[in-house]
There are 2 protein chains.
Amino acid sequence: MNASPASARNDRGAVVAAAMSVLAENGLPGLSMRRIADELEVQVSALYWHFPNKQALLAAVSEQVVALGEDTSDAAADLAAIATSLRERLLAHRDGAELVSSSLALGLLELPSRTRLESTALAEGLDAASAAIAADTLVHYVIGSTFHEQQRTHASVVGAADASADLTPARVADSADEFAAGLAMVVAGIRSAAGSRAAR
Amino acid sequence: MNASPASARNDRGAVVAAAMSVLAENGLPGLSMRRIADELEVQVSALYWHFPNKQALLAAVSEQVVALGEDTSDAAADLAAIATSLRERLLAHRDGAELVSSSLALGLLELPSRTRLESTALAEGLDAASAAIAADTLVHYVIGSTFHEQQRTHASVVGAADASADLTPARVADSADEFAAGLAMVVAGIRSAAGSRAAR
DNA sequence: ACCTGAACACCGTTCAAGT
DNA sequence: ACCTGAACACCGTTCAAGT
C-alpha cells in the first residue's frame, strides 16, 4: 500500500532483531551499540533515532525473550508450569536471565508470567496481598537460579571458576532437576499460605 | 616490628578499602579502576599489581560485604534469621546485591550464609540433597529480592521507572515486610520437605 | 615490592548536517 | 523519516621501565 522508497531503511524491529543476533553470538558483555550498528551496516548514532539509549533497547530485547507464545491452548494454570516455562524462555537466549533481570529491576519491563502467576495464586485461595508476594517470590526464584546457571555454564566455557566448577556432564544434565526440587519447595510454601486461610 | 620504609605503599587491603569508598559514593556503575586509582592517588596500572583483573577485585569487595560478624554469640540457627541478616548486609552497601550476585555467579565468592543455611536445614531434618537445594533456594530468594529492591530505589533517584514507581514513603517502609512475607513462604515450603521424611 | 607513563582497543552518547 | 561523520568523555588491560 505505502509507496516503499527505493532503499528500505531500518525500523525498531530490525534493530531489536540485530541486537538479538549480536547477543546470541557475543553474549551480554559483547552486546554493544557499535556491534549492533555493524550488524545493520549503519553508524552507531543511527540507533539513537530508534531508541533513546541502550537500556531502552535492551528492554525491547527483553520483551521478546519473555513474551508468551500462543496464549490460546495450553494456558496451564499451574504455578510450577508457569515458572518452568519462564525458565525455559530465559535459557533459550544467551545471558537471558541477566538481561531480563536488569530490565525488570529498572522498571522497564512487564513480565507476563508474573501476571499469570499472581492470578493463579489467587485462584488457589491466596488473598490479594499474598498472591502478589507469591508471584514475586516465584519470579525471584526463577530468575535467580537461571541467572546462576547461565553464568556457571559461561564460566566453564571461559575456563575460570577454579575449585567449585563441578560441571561433569551428569551434573549439567540434572540442573533441571535441582530447579524443579527448589521450585517444589517454594510452591509448597505458597500452598501452605493458602491453607492458612479459611479456604474451602 | 618490620622496618617500615619511609613512604608506606598500598597493599590489597588498601585497594579494597578504596574500592568500597568509591562504591559508596558512585555505585557499581561508577566503580571503575580509574576512580579507585584516583582514590589511592596512584596510576591505574598500579592496581594490577594487587589484583589480576577487575572481577577479582570486585570479588574481594564482595567478600567484605557478606562476611559474618562475630560468629561467637548469637549464631541464631534459624533459617529466616540467617536469610534476614544476609539481606541486611547486602542492603548496607550500595548495589550490594548486584555486586555479590555477579561474584557468586562467576564462582569467585564463597557465601558463609549459605553454609549456615545448609547445616541449619540439615538440623531441621532435611536429607543432604534437599538441604543443599533449600540453601540455594533461600540464597536466590534473598539476592533476587534485595537486588530488585536496591535497583528500585536507585531508579527512583534517577527519576526513571515511569508508571510502576510506587515509591510512596509508606511503601518503602514496608519493603521489609514484603521480604519477610515471601521468606515465610519459602521457609514453610522447606519445612514441608522436612516433614515428608520420617522425621520424629 | 610496588609504582609510573604511555599505549591499545574499546565503550555510550550527542549533535550538526545530510537526503 | 532515517542516517552520516565527527567529536567528547570515558572504559579495562598490557607492558616496559623505574625505585
Side-chain angles (χ1 to χ4, degrees), chain A residues 1-19 22-23 25-62 95 98-99 102-103 106 108 154 158-160, chain B residues 1-19 22-23 25-62 95 98-99 102-103 106 108 154 158-160:
Chain A
M1 230 60 99
N2 297 329
S4 55
S7 79
R9 316 278 263 252
N10 294 304
D11 58 0
R12 276 177 63 105
V15 175
V16 170
V22 172
L23 176 66
E25 279 165 36
N26 304 98
L28 199 53
L31 183 54
S32 70
M33 298 297 270
R34 276 166 168 88
R35 288 226 250 249
I36 297 166
D38 282 358
E39 181 86 13
L40 291 167
E41 293 180 272
V42 126
Q43 296 295 118
V44 212
S45 48
L47 301 178
Y48 288 84
W49 194 90
H50 299 283
F51 293 95
N53 51 50
K54 188 185 180 181
Q55 274 298 344
L57 206 176
L58 294 191
V61 174
S62 301
D95 295 333
E98 185 175 4
L99 173 73
S102 87
S103 298
L106 291 171
L108 300 173
H154 173 255
V158 172
Chain B
M1 233 55 101
N2 299 327
S4 55
S7 79
R9 316 279 263 254
N10 295 304
D11 58 0
R12 276 178 62 105
V15 174
V16 170
V22 173
L23 177 65
E25 279 166 36
N26 304 98
L28 199 52
L31 183 53
S32 69
M33 298 298 270
R34 275 166 168 86
R35 288 227 248 248
I36 297 166
D38 281 359
E39 183 86 12
L40 291 167
E41 293 180 272
V42 125
Q43 296 294 117
V44 212
S45 49
L47 302 178
Y48 289 84
W49 194 90
H50 299 283
F51 292 96
N53 50 51
K54 189 185 181 183
Q55 274 298 343
L57 206 175
L58 293 191
V61 175
S62 301
D95 294 334
E98 185 175 4
L99 173 72
S102 86
S103 297
L106 291 171
L108 300 173
H154 173 255
V158 172

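Any value given below was found using the heavy atoms of this structure, including those in side chains, with hydrogens, waters and symmetry copies removed. Every chain is numbered from 1, with letters handed out A, B, ... down the list of sequences.
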For Met33(B) and dT14(D), what is the distance between atoms CE and C1' respectively, to the nearest whole Å?
12 Å
Please give, in whole Å, the distance from dC11(C) P to Ile36(A) CD1?
11 Å
What integer number of Å spans the [atom1] atoms of [N] and [M]?
N: dA16(C); M: dC2(D); atom1: C1'; result: 15 Å
N: dC15(C); M: dC3(D); atom1: C1'; result: 13 Å
N: dC11(D); M: dC8(C); atom1: C1'; result: 12 Å

Under a 3.5 Å limit for both distances, which nucleotide forms a Watson-Crick or G-U wobble pair with dC10(D), could you say?
none
If we call it a pair only when both distances are under 3.5 Å in a Watson-Crick or G-U wobble match, what pairs with dG5(C)?
dC15(D)
Can you see if the side chain of [X] gets near the phosphate of [N] - specifically, an N or O under 4.0 Å from OP1 or OP2?
X: Asn10(A); N: dC2(D); answer: no
X: Asn53(B); N: dG12(D); answer: no
X: His50(A); N: dA1(D); answer: no

Heavy-atom side-chain proximity of [X] to [Y] below 4.5 angstrom:
X: Glu98(B); Y: Ser102(A); value: no
X: Asp95(B); Y: Leu99(B); value: no
X: Val15(B); Y: Trp49(B); value: no

Ignoring hydrogens and angles, does a donor from either the side chain of Ser32(A) or the base of dG12(C) sit under 3.5 Å from an acceptor on the other?
no
Would Leu47(B) and Leu40(B) count as a side-chain contact (heavy atoms from CB on, under 4.5 Å) if you check the C-alpha gap in whole Å, the side-chain angles of each, and the deciding distance to 0.1 Å?
CA-CA 10 Å; Leu47(B) 302 178; Leu40(B) 291 167; 4.0 Å; yes
Heavy atoms from C-beta onward define the side chain here; which of dA1(C), dG12(C), dG18(C) lies closest to that of Arg34(A)?
dG12(C)
Judged by each residue's nearest nucleotide on DNA chain C, which is more toward the 5′ side, Ala46(B) or Lys54(A)?
Ala46(B)
